[in-house]
Trainee: 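Would you mind keeping the following structure in view while I ask a few things?
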Amino acid sequence: MENWFTRLCAHLPLIKRKTNPAIRQKLACKEVVELVTDYLEGVLLPEQRAQLEEHLADCPGCRNYIEQVRLTISMLHNLAQEPVFPETKEELLLLFQQWKKS
Amino acid sequence: MLPLQAETKAQCSWLARKQTWMSEGLNQPISQSDLFSVQQHTTRASTDELQLVEMLRHGNEGAFVFLIERYQTTMLHLAMIYVSERAVAEEVVQETWMGVLQGLNRFEGRSSLKTWIFRILTNRAKTCALREGRSVPFSSLSELDVNLDEPAVDPDRFLPADSQAPGHWASPPANWNDMPENRLLSQETIARILSATEALPPSQRAVITLHDIEGWTAEDICNVLGISETNQRVLLHRARSKVRRALEHYFEEQE
């Protein structure tokens, strides 16, 4: 009993630091790069988001990094879709006609 | 991050619902690989999709051509993640279309048409991969894609722990918007993106293809691939990080 209580007490400062925005730790760039996808997909908690945006405001390196990821995504999005081969389409239409008859 | 293995318990309770789903269009027995898929909450078929299905049931060829043009290429790309050769993947896609047509009367619109078609595809592709003796992406057999701890950026790019600002950029990334636009959009850049995507592990390749190239929602991807949203994002994060890195290398080589 004493054991878990002592352990809980030892964790208190950590829990406090995590939950209190006033004494939260600043993010390092190394941590920011791991949050980029969650940030861009809009799934960060409001608190985490604020922390990240605070970092971005002072860090041109991380701003560039996020912009690089954004540009990568838009380039991926603009890749041309490979068209369907005419022969494939013909084969599939044949399949469709057979199915229709059955 | 949640490793895939932690999900297996939750998956069992999904199985009952999955069986209901399977009776809707798939008359295949539940295979081993099915045990590892997660059925997420699903969006029902839209009115447009239900109309399309109605047209197909009446044998409207135009409706079928519409579907082929819309999904054939994506289906082929996804099938190629499960099986080794393009020819085999093409067969899987053809079988899927057959399955779609035969299952039309049982489609009730409880999921979207797209999800339903692609679930048939991934089930066929998994069966085929197992027959080939290959490990199936997204099953417990290939968790490695998610479990490995892969940093998004090479740790050497950051200042060491004993420096003044540990974990901050030692060599910060460049501003790509300063580059001439024709370089950013050149054929070579596009070729680099493609080769970087092709070099990704299968599950990462599947997620980045569906999400960033095809523009699918996370929900649709999770439903089709049978993965959790968390794992979907981990895979997407790793895939994007690698493609960005490949582009960065390429732009640096050019300087």
Side-chain angles (χ1 to χ4, degrees), chain A residues 25-45 48 52 55-56 58-102, chain B residues 56 59 61 64-65 68-69 72-74 76-77 90 93-94 97-98 101-102 104 151-153 155 157-159 165-177 184-185 189-190 193-194 196-197 208-209 211-215 218 229-230 233-234 236-238 240-241 243-244 246-248:
Chain A
Q25 270 199 317
K26 287 206 164 176
L27 286 173
C29 308
K30 205 175 179 172
E31 295 165 313
V32 170
V33 298
E34 298 302 342
L35 294 175
V36 169
T37 305
D38 286 355
Y39 176 63
L40 295 176
E41 297 309 303
V43 295
L44 281 184
L45 297 171
Q48 288 175 305
L52 189 124
H55 178 103
L56 288 180
D58 303 326
C59 182
C62 284
R63 283 204 299 274
N64 281 353
Y65 184 84
I66 292 205
E67 186 58 15
Q68 288 188 356
V69 176
R70 277 211 183 100
L71 285 168
T72 306
I73 298 167
S74 75
M75 285 187 253
L76 283 163
H77 194 67
N78 289 328
L79 289 178
Q81 168 87 264
E82 195 187 314
V84 183
F85 290 126
E87 308 90 74
T88 311
K89 209 192 253 181
E90 270 169 42
E91 272 177 46
L92 289 174
L93 284 177
L94 215 65
L95 196 87
F96 186 76
Q97 280 144 15
Q98 278 166 4
W99 166 78
K100 234 168 103 174
K101 270 184 231 155
S102 67
Chain B
L56 284 172
E61 204 170 276
F64 192 59
V65 172
I68 294 171
E69 279 169 356
Q72 172 73 20
T73 307
T74 314
L76 189 61
H77 287 162
E90 278 169 356
V93 177
Q94 193 156 0
W97 286 121
M98 207 59 231
L101 293 174
Q102 285 165 354
L104 272 180
V153 175
R157 295 283 299 270
F158 301 103
L159 294 167
H168 288 257
W169 292 106
S171 55
N175 185 349
W176 286 358
N177 287 316
L184 208 57
L185 303 173
T189 308
I190 292 169
I193 296 180
L194 281 174
T197 317
I208 201 171
T209 304
H211 196 282
D212 288 346
I213 302 181
E214 306 289 340
E229 293 224 8
T230 310
R233 265 197 318 279
V234 174
L236 182 64
H237 181 66
R238 294 192 173 163
R240 279 178 180 172
S241 305
V243 177
R244 184 212 65 88
L247 280 176
E248 188 180 47

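Chain letters run A, B, ... following the sequence lines, proteins first, then strands; residues in each count from 1. Hydrogens, waters and symmetry mates play no part in the numbers below; they use all other heavy atoms, side chains included.
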Trainee: Working to the nearest 0.5 Å, report the span between OH of Tyr65(A) and SG of Cys59(A).
Mentor: 12.5 Å
Trainee: Which atoms of Cys62(A) come close to chain B, meaning under 4.5 Å heavy atom to heavy atom: side chain ones, backbone ones, both, or neither?
Mentor: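 Both backbone and side chain.
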Trainee: Is it the backbone or the side chain of Thr189(B) that comes under 4.5 Å from a heavy atom of chain A, or both, or neither?
Mentor: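 The answer is the side chain of Thr189(B).
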Trainee: Count the heavy-atom pairs under 4.5 Å between each of Ile190(B), Val93(B), Asn177(B) and chain A, then report the option with the highest count.
Mentor: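 Ranked by contacts with chain A, first place is Asn177(B).
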Trainee: Need one label for Leu184(B): side chain, backbone, both or neither, based on atoms under 4.5 Å from any heavy atom in chain A.
Mentor: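 For Leu184(B), heavy atoms of backbone and side chain both lie under 4.5 Å from chain A.
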Trainee: Counting only heavy atoms closer than 4.5 Å, note whether Ile193(B) contacts chain A via side chain, backbone, both or neither.
Mentor: side chain
Trainee: Which one wins on heavy-atom pair count under 4.5 Å against chain B: Ile73(A), Asn78(A), Leu79(A)?
Mentor: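 Heavy-atom pairs under 4.5 Å are most numerous for Ile73(A).
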Trainee: Using heavy-atom distances under 4.5 Å, tell me whether Thr197(B) contacts chain A through its side chain, its backbone, both, or neither.
Mentor: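 Just the side chain, heavy atoms under 4.5 Å.
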Trainee: Any side-chain heavy-atom pair from Glu82(A) and His77(B) closer than 4.5 angstrom?
Mentor: yes
Trainee: How many angstroms lie between CD1 in Ile66(A) and CG in Leu71(A), if you round to the nearest 0.5 Å?
Mentor: 12.0 Å
Trainee: Taking side chain as everything from C-beta outward and backbone as N, CA, C, O, which of these in Val32(A) sits under 4.5 Å from a heavy atom of chain B? Side chain, backbone, both or neither.
Mentor: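 For Val32(A), no heavy atom lies under 4.5 Å from chain B.
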Trainee: Which pair of non-hydrogen atoms, one from Trp176(B) and one from Gln68(A), has the smallest distance, and what is that distance?
Mentor: NE1-NE2, 3.0 Å
Trainee: Below 4.5 Å from any heavy atom of chain A, which atoms of Ile208(B) appear? Answer side chain, backbone, both or neither.
Mentor: side chain
Trainee: Between Glu41(A), Lys100(A), Glu31(A), Glu67(A), who has the most heavy-atom pairs with chain B when the cutoff is under 4.5 Å?
Mentor: Glu41(A)
Trainee: Is it true that a side-chain atom of His168(B) and a backbone atom of Ala28(A) form a donor plus acceptor pair closer than 3.5 Å?
Mentor: no
Trainee: Give the table of side-chain donor-acceptor pairs shorter than 3.5 Å for residues 83-97 of chain A, with sequence neighbours excluded, one pair per line with atom names and distance.
Mentor:
from: Lys89(A); atom 1: NZ; to: Glu69(B); atom 2: OE2; distance (Å): 2.5
from: Gln97(A); atom 1: NE2; to: Glu61(B); atom 2: OE1; distance (Å): 2.8

Trainee: Is Leu247(B) close to chain A through its backbone or its side chain, or both, or neither, when contacts mean heavy atoms under 4.5 Å?
Mentor: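 Side chain only.
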Trainee: Taking every heavy-atom pair that is under 4.5 Å apart, which of Glu248(B), Glu90(B), Arg157(B), His211(B) has the most such pairs with chain A?
Mentor: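 Ranked by heavy-atom pairs under 4.5 Å with chain A, first place is His211(B).
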Trainee: Check each atom of Pro166(B) against the heavy atoms of chain A and say whether the ones under 4.5 Å are side chain, backbone, both or neither.
Mentor: backbone
